[in-house]
Every structure is written in C-alpha cells, then in structure tokens.
Amino acid sequence: MQHTQPSTGLMQTTQTVGIVGYGAYVPRYRIRGEAISQMWTAGNSRSPVEEKSVNGVDEDVVTMSIEAARNALKRARIDPRHIRAVWVGSESHPYAVKPTSTIVAEAIGAVPNTQAADWEFACKAGTEAMQAAVGFVGSGMARYALSIGMDTAQGRPRDALEYTAAAGGAAMLLGPGDESVAVINGSYSFVTDTPDFWRREHAVYPSHGDRFTGEPAYFRHVTGAANAIMAAMGMTAADYDWAVFHQPNVKFPRRVAAELGFTERQTRPGLLAGCIGNTYSGSCMIGLTGILDVARPGDRILMVSYGSGAGSDAFDLTVTDGIEYARARAPRTSQYIQRRTEIDYATYASYRGKIRA
Amino acid sequence: MQIAKHWRLTQQRYGLVGTTCTSCGNPHFPARERCLRCGEPVTEVTHFSGFGEVFSYTVVYHPPAGFEFNAPYVLALIQLDEGPLLTAQLTDVAPDEVHIGMNVEMVTRKLREEGPEGIIVYGYKFRPVELGDRVSFSDVSG
C-alpha cells in the first residue's frame with residue numbers, strides 16, 4: 001500500500017485494511033408513503049419512497065447499533081475483546097451527553113480495553129467513523145475497530161422529510177486485510193461549508209433549505225467525491241461491479257449514478273431507500289451490506305456517502321474470497337427488509353413520540 | 001434515582017450472564033453464589049445462548065410506573081435452551097400472536113426511562129425467532 005497522496009486527496013493506509021465483518025439492522029415496522037400523503041394532503045402528494053422503516057417504542061440508536069454490531073461479530077468470528085474502537089455515527093443519539101458507544105461496547109463484550117466515541121456529521125457520521133477506523137487499523141494502533149452508522153431519523157409532521165426520515169443502519173468491523181470480506185483500496189473526503197440541512201441544539205426536528213439541498217449540496221459533494229476517488233484510483237464507472245450512494249430518496253442516488261456513468265444493474269442491490277426510506281447515518285452503509293450480501297470474490301465496489309453541512313466520503317473496495325463464508329453467518333439485509341409489520345399514521349405518530357398519552 | 005442498582009446488573013441484562021454449578025452442572029439465571037439444587041458454592045460464569053421458548057405469558061395493560069410507554073406488552077416466562085426460567089418482556093410481537101412453546105431469542109432493548117431527564121435503562125427482551133438464524137449472540141460476547 002502507498003502513503004497518503006496529498007496531490008489527489010486520496011487516503012490510503014500503510015497496512016492493508018478491510019471489512020472483516022458487516023451487519024445490518026432494520027426495525028420491523030413500516031409506514032407506507034401513501035399513509036403520510038393521505039394524512040396531510042388527502043393523498044394528493046406523491047411520496048418519494050414506497051414505505052419507510054420505523055423503530056419500535058423500545059428501540060433507539062443504542063439497541064439498533066447493538067444488533068447490527070452483533071451481526072458484524074457473527075460474520076467476523078473474532079473475540080470482541082480485541083476490538084480497540086467502538087464508534088457510532090448518528091444524528092439521533094439517545095443522550096445529549098453520555099456516549100451511545102460505551103453502551104454498545106459493553107453489550108458486545110468489548111470493554112474495557114477499547115476506545116469509544118460518538119460521531120456526528122448529519123448523514124455521513126457513519127462513514128466518517130468508518131474512515132477513522134480504517135486509519136486506526138491501518139496505522140497498526142488497533143487490530144479491529146468497529147464503526148456504526150445508525151439513525152432513528154426525525155421528520156417534522158407534514159414536512160417533506162416526514163416521507164423519508166427512517167430508522168436503520170449498519171455496522172462495519174474493520175480489521176487486517178487478510179481476514180477481510182472486502183479490502184479498502186482507498187478513500188477520499190470532499191467537504192465544504194454548505195448549510196443545506198441542520199438541527200439546532202434543543203430543536204426536536206431538523207430544518208432544511210428545500211431545493212438548496214440538491215444541486216449545491218448533495219450533487220456537488222457526491223459527484224465531487226466520486227470523480228476524485230475514481231480519478232485517483234485510475235478507475236471508471238465501468239470498472240466497478242457495484243456502486244452505492246447516500247440515498248435521501250430514490251431519485252437523487254439514481255440521478256447521480258446515471259450522471260457518473262453507472263448502470264441501474266450496478267446500483268440495484270444497494271439502493272434500498274424505496275423500501276426502507278432514508279436511514280440517514282446508516283443510509284449508504286446499509287446499502288453496502290445489501291451489496292456484500294450478493295457480491296462475488298473479486299468484485300469492485302464504490303461507496304459514496306453524503307452528510308449535510310456538507311461532505312461526502314468515498315470508498316473503493318474489492319471483495320475477497322472470505323465473503324462466501326461470512327455471508328451466511330448472520331441475517332441478510334433482505335431478510336430484515338422482508339420482515340415487516342405495516343402500521344398506520346396514528347401508530348407511527350405514537351411510536352415516534354409525535355403524540356403522547 | 002437508582003443508578004447503582006441498574007449499573008450492577010449491566011452484565012446480567014446485556015449479556016444474559018449467569019452461573020453454572022461446578023459440582024452438579026445446574027445452570028442458574030440470574031447468577032447465584034450457591035447452587036439451588038445441591039447447595040455447593042458456584043464459581044463458573046455462564047453466557048447463556050439467548051435462545052429459548054415461551055413457558056407461559058400474560059398481557060400487561062396497566063403497567064407499573066416507568067413502563068407506560070410500552071403498554072400493552074407481553075410479559076413472559078422464558079425457558080432458556082440451557083434450562084433456567086426467567087421473566088422478560090416479549091417485543092416485536094402482538095399479544096394475539098404469542099403462544100406457549102413459541103421459539104424466541106434474546107435482544108437488547110430499552111426497558112424504561114427514569115423520567116425525561118433520568119437514565120435510560122437497557123436490557124434483555126425476547127422476540128420470535130424469524131430471521132432463520134441460530135447463531136447465538138453469546139458466541140460473540142466476550
């Protein structure tokens with residue numbers, strides 16, 4: 001592997017690093033886009049997703065992260081006491097002060113010899129933690145580092161975001177390349193100060209800049225990051241088998257994929273927003289789990305996240321032989337998606353604390 | 001506030017950690033200092049698999065303080081595969097879907113909140129086994 005290349009912004013490690021275990025989590029409750037449309041517009045507005053996942057009343061980012069982490073550990077088959085970092089990226093941590101990550105670390109048996117921290121960067125907090133974990137392992141500081149992107153996203157009643165703000169995410173356990181199911185060939189980050197979406201301290205719901213969240217925000221950053229990493233790696237869209245982009249809806253990732261030259265076939269297994277909604281920090285990471293569930297050894301994957309405020313992290317991965325053995329050791333992402341209980345708007349409003357007894 | 005009480009039970013609640021009698025092999029949950037069967041001192045810590053079945057259950061419509069957010073909920077006696085019987089809430093299942101003998105697996109969920117400004121208490125609940133997966137969480141717990 002090569003050292004950091006400042007001319008291109010490409011980030012690579014001195015030791016080979018990869019994903020040694022991955023795990024998804026999607027809560028079982030779903031609300032149809034039509035039900036939200038019926039509630040606020042008598043069914044006259046069209047939902048950007050078919051349905052979205054909703055966490056149960058006893059679920060939050062802690063409990064969901066624990067299940068995803070346990071799935072990643074089942075695939076990796078390592079002793080959790082060898083984990084040196086438990087990092088959880090989210091914009092819905094249950095506590096304002098007290099780490100989600102210590103609770104997750106305790107529940108999976110990684111304490112006390114571990115780093116633990118919560119990460120925040122709107123929808124890219126998970127990939128930010130993943131990139132840091134790559135560095136932690138790649139430097140030799142840690143044999144294993146766990147990164148999680150998980151959210152129970154907030155959407156103001158009647159706002160456009162209410163159709164998509166969903167619950168779910170994924171855990172990626174990073175470790176030595178020779179134990180991996182997918183090796184990280186390189187990563188890249190594209191960041192600017194772009195105020196497209198935010199939530200102020202003590203505010204219950206986020207605010208956003210409507211159409212401003214598109215062109216100068218999502219498209220500029222995702223395209224910038226994707227083009228930069230492909231150029232630095234000497235790759236074109238056709239050289240990848242699979243690609244996954246942050247998915248606030250179905251339209252944005254479809255458009256960005258087409259503009260970058262990717263086909264629908266390349267993005268299909270990772271494009272999950274249509275049936276689970278936007279899982280924010282978990283969005284492209286759970287998309288990656290959908291790809292790993294079907295990928296073959298040797299497949300090349302491009303993953304690009306997006307977080308408002310704003311930035312994108314891009315990863316270039318190659319799937320290894322290990323995937324064939326690891327895959328079946330934990331539930332596939334499609335199993336979580338197929339496991340569903342539909343709820344109506346009133347139940348959804350109650351589960352999400354929008355109405356209280 | 002009962003922080004210390006909850007903190008002491010963390011291992012038990014997150015990892016289903018109990019004990020097994022080193023003399024007669026009888027497993028216990030929660031952990032015991034002496035075996036309930038033979039009375040000998042117990043020293044072996046056991047991480048239970050988290051799999052079991054519903055031994056009996058009831059539906060709680062009028063919950064005690066701290067559990068209102070969850071009602072109505074199913075409170076069940078779970079017979080673990082290893083033998084111990086414990087009391088836990090069922091989750092991800094409607095009361096009319098529950099039956100005695102139902103295969104269940106342990107998950108970590110929010111048990112209660114100590115008011116809007118207090119701690120959040122997490123611990124075990126059980127849900128129907130439906131993901132076609134029998135890898136125990138204790139296989140991956142240290």
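This structure is a prediction, so every number in the text was calculated from the model and none was measured. Lettering of chains follows the sequences in order, A, B, ..., and the numbering in each one begins at 1.
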Is the [atom1] atom of [X] crowded by more than 12 outside heavy atoms at less than 6.0 Å?
{"X": "Glu50(A)", "atom1": "CD", "answer": "no"}
{"X": "His62(B)", "atom1": "NE2", "answer": "no"}
{"X": "Tyr95(A)", "atom1": "OH", "answer": "yes"}

Residues forming a ring-ring contact (aromatic ring centres under 6.0 Å, His included) with Phe126(B), sequence neighbours excluded: none
Any [X] side-chain heavy atom under 4.5 Å of [Y] side chain:
{"X": "Asp92(B)", "Y": "Arg339(A)", "answer": "yes"}
{"X": "Ile120(B)", "Y": "Lys98(A)", "answer": "no"}
{"X": "Ile108(A)", "Y": "Tyr14(B)", "answer": "no"}

Can you tell me how far [atom2] of [Y] sits from [atom1] of [X], rounded to the nearest 0.5 angstrom?
{"X": "Gln338(A)", "Y": "Glu130(B)", "atom1": "CD", "atom2": "CD", "value": "11.5 Å"}
{"X": "Lys110(B)", "Y": "Asn55(A)", "atom1": "NZ", "atom2": "CG", "value": "8.0 Å"}
{"X": "Arg112(B)", "Y": "Asp58(A)", "atom1": "CZ", "atom2": "CG", "value": "14.5 Å"}
{"X": "Lys125(B)", "Y": "Glu59(A)", "atom1": "NZ", "atom2": "CD", "value": "9.0 Å"}

Engaged part of Glu67(A) at the chain B interface, taking heavy atoms whose separation is under 4.5 Å: side chain
Given heavy-atom pairs under 4.5 angstrom as the criterion, report whether the side chain, backbone, both or neither of Thr10(B) touches chain A. side chain
Chain A contact via Phe69(B) - side chain, backbone, both or neither, heavy atoms under 4.5 Å: both
In short, Leu131(B) meets Tyr336(A) closest at the heavy-atom pair CD1-CE2, 3.5 Å
Please list, one pair per line, the donor and acceptor atoms closer than 3.5 Å that link side chains of residues 21-32 of chain B to other protein atoms, with sequence neighbours excluded.
unit_1, atom_1, unit_2, atom_2, d
His28(B), ND1, Thr19(B), OG1, 3.1

If you tally heavy-atom pairs under 4.5 Å between each of Thr108(B), Leu111(B), Val107(B) and chain A, the highest tally belongs to Thr108(B)
